[in-house]
Amino acid sequence: MKNKPFFLTAFITLIFTNNIMNAQKKDYLDKTKSIEERVNLLLKQMTIEEKVGQMNQYNGFWEVTGPAPKGGNAELKYQHLRNGWVGSMLSVRGAKEVKAVQKIAVEETRLGIPLIIGFDVIHGYKTLSPIPLAEAASWDLEAIKKSAQVAADEASASGINWTFGPNVDISNDARWGRVMEGAGEDPYLGSKIAIARITGFQGDNKSDLAKTNTIAACAKHFAAYGFAESGRDYNTVDMSNSKLYNTVLPPFKAASTAGVRTFMNSFNILNGVPATGNAFLQRDILKGKWKFDGFVVSDWASVREMITHGFAKDGAEATEKAVNAGSDMDMESHLYVAELAKLVKDGKVKESLIDDAVSRILRVKFELGLFDNPYKYCDEKREKEVIGSKANNEAVLDMAKKSIVLLKNKKDLLPLKKSGQKIVLIGALANDKNSPLGSWRIASDDNTAVSVLEGMRQYKGNKLIFEKGADLTVGNTSFTAELVFNTTDKSGFEKAKKAATNADVVVMVLGEHGFQSGEGRSRTNLDLPGVQQELLEEIYKVNSNIVLVLNNGRPLALPWATEHVPAIVEAWHLGTQTGNAVAQVLYGDYNPSGKLPMSFPRNVGQVPIYYNNYNTGRPINSDKNVFWSHYTDVEKTPLFPFGFGLSYTTFDYKNLKINKAVFAKEESVVVSVDVTNSGNYNGKEVVQLYLHDEVASLARPVKELKGFELVDLKKGETKTVTFTLTEKELGFYDNEGNYLVEPGAFKIMVGGSSEKGLESSFEIK
Ligand code: NOJ
């Protein structure tokens with residue numbers, strides 16, 4: 001043996017190692033073993049570079065089905081992929097395209113670990129649902145879940161197995177453009193919707209994730225991103241513990257409990273510490289207290305941005321801080337791949353933390369079934385069948401109708417009569433097939449929405465005339481560019497006025513462009529952009545029978561319209577089926593049932609404005625002087641409150657009952673109320689229960705939503721709605737994050753909005 005030539009020893013060693021390698025490979029591919037065993041078997045074989053590779057995510061970077069890229073960043077990324085230094089890619093889409101990159105990861109790297117493919121499937125993939133804020137207005141958890149299922153169905157057919165959604169950021173600042181992505185201002189509603197979306201994407205049970213039509217979800221942005229100062233995106237967040245624990249974290253906690261497989265951290269600093277480098281959020285709360293066993297991805301380059309925040313001096317320090325704080329995967333900072341192996345070798349990051357991060361990532365890949373069939377989402381036949389299917393279009397139409405909120409209906413204008421009417425439709429947005437698609441629609445084709453004009457044309461009994469009135473924007477619109485608005489050209493006003501003059505009803509579609517809300521789209525005005533307000537007032541002068549259909553991705557402040565225009569329909573950005581949904585609601589084929597998930601202010605100066613605020617020491621004008629909490633120039637109440645929305649019918653509330661007056665802490669409080677459809681149409685009502693803890697060790701909000709039910713009532717019908725309040729609903733978090741239910745008096749209010757309802761009270765001993 002001793003004399004064996006070197007090359008022979010090397011050869012034998014190579015064969016031997018290869019065999020072990022193959023044997024081990026087979027081990028972790030063995031489906032009879034548990035996922036945890038398989039993760040550990042694989043982890044043992046990985047070099048530090050391969051481990052770090054799993055923590056590295058790159059954006060799609062070259063014509064993946066074409067020749068290998070030459071030069072620059074693309075070639076570098078391609079090389080990294082072939083080295084096994086890339087664990088995930090985002091924004092590669094299409095069964096064929098994903099297969100091409102997956103093939104490199106699986107067939108050209110030493111261990112053949114499949115990629116997890118992420119994409120922003122925020123309100124649908126190709127067949128688009130309403131923007132999430134609009135969906136939240138439905139308060140219909142089944143419909144919201146279905147909408148997420150449709151999105152998962154289409155995305156998974158296109159090679160994608162991970163969505164960067166749902167966005168569960170609570171926000172009460174309409175200036176912030178990303179309110180369009182969330183569920184509004186309330187943590188209770190936000191939590192329920194988070195669960196609906198997650199189970200829609202992932203399935204009801206853990207094992208559903210391995211199905212071909214489900215995808216991993218991602219609760220984002222962890223945390224407090226929705227409280228950017230002055231509503232300016234990416235801005236500083238400075239927040240009390242009370243707000244953090246009681247308002248911001250509950251939907252994230254609900255997401256974790258519901259089994260969401262990933263979290264995304266956020267761009268903002270929270271009380272001085274960037275969320276990406278925040279161990280309190282990611283290690284203590286998420287992975288500690290909540291025992292979250294999925295993985296955390298950074299937001300786009302947010303690891304590197306910690307340098308700009310002044311929290312890390314260079315890439316190495318940013319990496320060290322991010323990994324130590326619990327950010328498992330680096331989205332596009334290119335830093336983990338460059339710095340992390342060395343940081344481990346230098347003892348700055350413990351290898352056990354790397355092992356923990358990699359295990360989390362591999363666990364999700366195993367759960368998705370990627371190791372068993374890496375190409376399971378790359379079936380071109382299924383892709384053709386599923387994407388844009390009739391069933392998916394029907395589902396998003398259903399969601400779109402349910403998302404519409406009727407804000408005002410005077411003069412009996414709505415529903416529109418189906419025949420013998422002259423209807424004049426005005427506004428560039430009425431004939432727009434692009435804007436209604438909303439902000440996040442990267443996989444969808446431009447100009448594929450059904451416009452309001454197209455939707456209304458299907459009702460042939462009336463004479464319908466369209467007049468644009470004025471352009472909303474100038475030049476091209478896109479996801480990445482600033483919009484330019486038409487602020488000068490009013491040349492179409494006269495024609496529109498002429499047409500409107502002798503119309504029975506004028507329907508005006510006005511509001512924001514679909515690209516006016518979303519990431520990077522903060523506003524300091526909440527009005528109708530461009531010349532739209534002027535157009536509205538000019539038309540009103542010749543014919544006041546106006547139905548205003550609003551398109552917007554955030555609450556707007558429209559005091560003039562609210563005072564003058566007789567009918568207002570909040571139609572958000574409703575996605576692919578917009579025009580059909582709007583027309584069916586206007587013509588009464590669908591009776592609107594939506595309720596606002598965010599307060600609409602009277603003007604920007606009221607923002608942030610939210611229903612679950614705290615009492616001041618001087619909430620009312622008891623001394624009839626100026627020294628009470630108010631504004632001198634406008635009422636302090638919102639223009640339209642949270643939970644508000646009308647119907648073509650009316651609902652009466654009676655017989656509010658609580659099963660007894662005094663309860664022990666652990667007992668359930670049972671509340672019931674009779675709701676009657678007292679109008680002339682069948683309809684649905686969102687019955688809402690609000691709670692107020694009258695005296696507590698921390699001041700509690702004036703009211704908090706703690707239950708709701710969507711009830712379907714035929715005209716004349718009465719139903720008894722019952723709510724059960726348990727410890728889960730009755731308590732709150734103190735400033736250390738402990739959950740408390742305190743004895744004392746509680747008030748409840750039950751009604752059709754946060755503004756008013758029947759009231760009663762009980763006590764906890
Ligand atoms: C940045 C956004 O903040 C985040 O929500 C999104 O998922 C990523 N970009 C990826 O596109």
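Numbering of ligands and ligand atoms starts at 1, following listing order.
Contact annotation: for Glu332 versus ligand 1, there are no heavy atoms closer than 4.0 Å.
Closest to atom 7 (O) of ligand 1 among all protein heavy atoms lies Asp120 OD1, 2.6 Å. Closest to atom 9 (N) of ligand 1, if we only count protein heavy atoms, is Asp299 OD1, 3.5 Å.
Looking only at distances, no side-chain donor or acceptor of Thr212 sits under 3.5 Å from a matching main-chain atom of Tyr377.
The contact set between ligand 1 and Glu519, taken as ligand atoms under 4.0 Å from a residue heavy atom, comprises 1 (C), 2 (C), 3 (O). Counting atoms of ligand 1 from 1 in the listed order, those under 4.0 Å from a heavy atom of Met264 are 4 (C), 7 (O). Within ligand 1, the atoms closer than 4.0 Å to a non-hydrogen atom of Lys220 are 4 (C), 5 (O), 6 (C), 7 (O), numbered from 1 in the order shown. Annotation for ligand 1: atoms under 4.0 Å from non-hydrogen atoms of Phe164 are 7 (O).
Using cut-offs of 30° and 60° on the angle between ring planes, the pair Tyr58 and His334 is tilted.
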> Please walk me through it: do Asn235 and Asn268 pass side chain to side chain contact (heavy atoms under 4.5 Å, CB included)?
Replying inline: CA-CA 6 Å; Asn235 204 8; Asn268 56 286; over 6 Å; no
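Using a 4.0 angstrom heavy-atom cutoff, His221 counts as in contact with ligand 1.
For the residue pair Thr127/Glu154, the side-chain donor-acceptor check at 3.5 Å is satisfied. With 3.5 Å as the limit, one finds no donor-acceptor pair spanning the side chains of Thr214 and Asp208. In summary, the side chains of Thr276 and Asn265 do present a donor paired with an acceptor at a separation below 3.5 Å, with no hydrogens or angles considered.
Among the atoms of Trp300, none of the N or O lies under 3.5 angstrom from an N or O of ligand 1.
Cation-pi check for Arg521 over Phe479 is met; the charged atom lies under 6.0 angstrom from the ring centroid and within 45 degrees of its normal.
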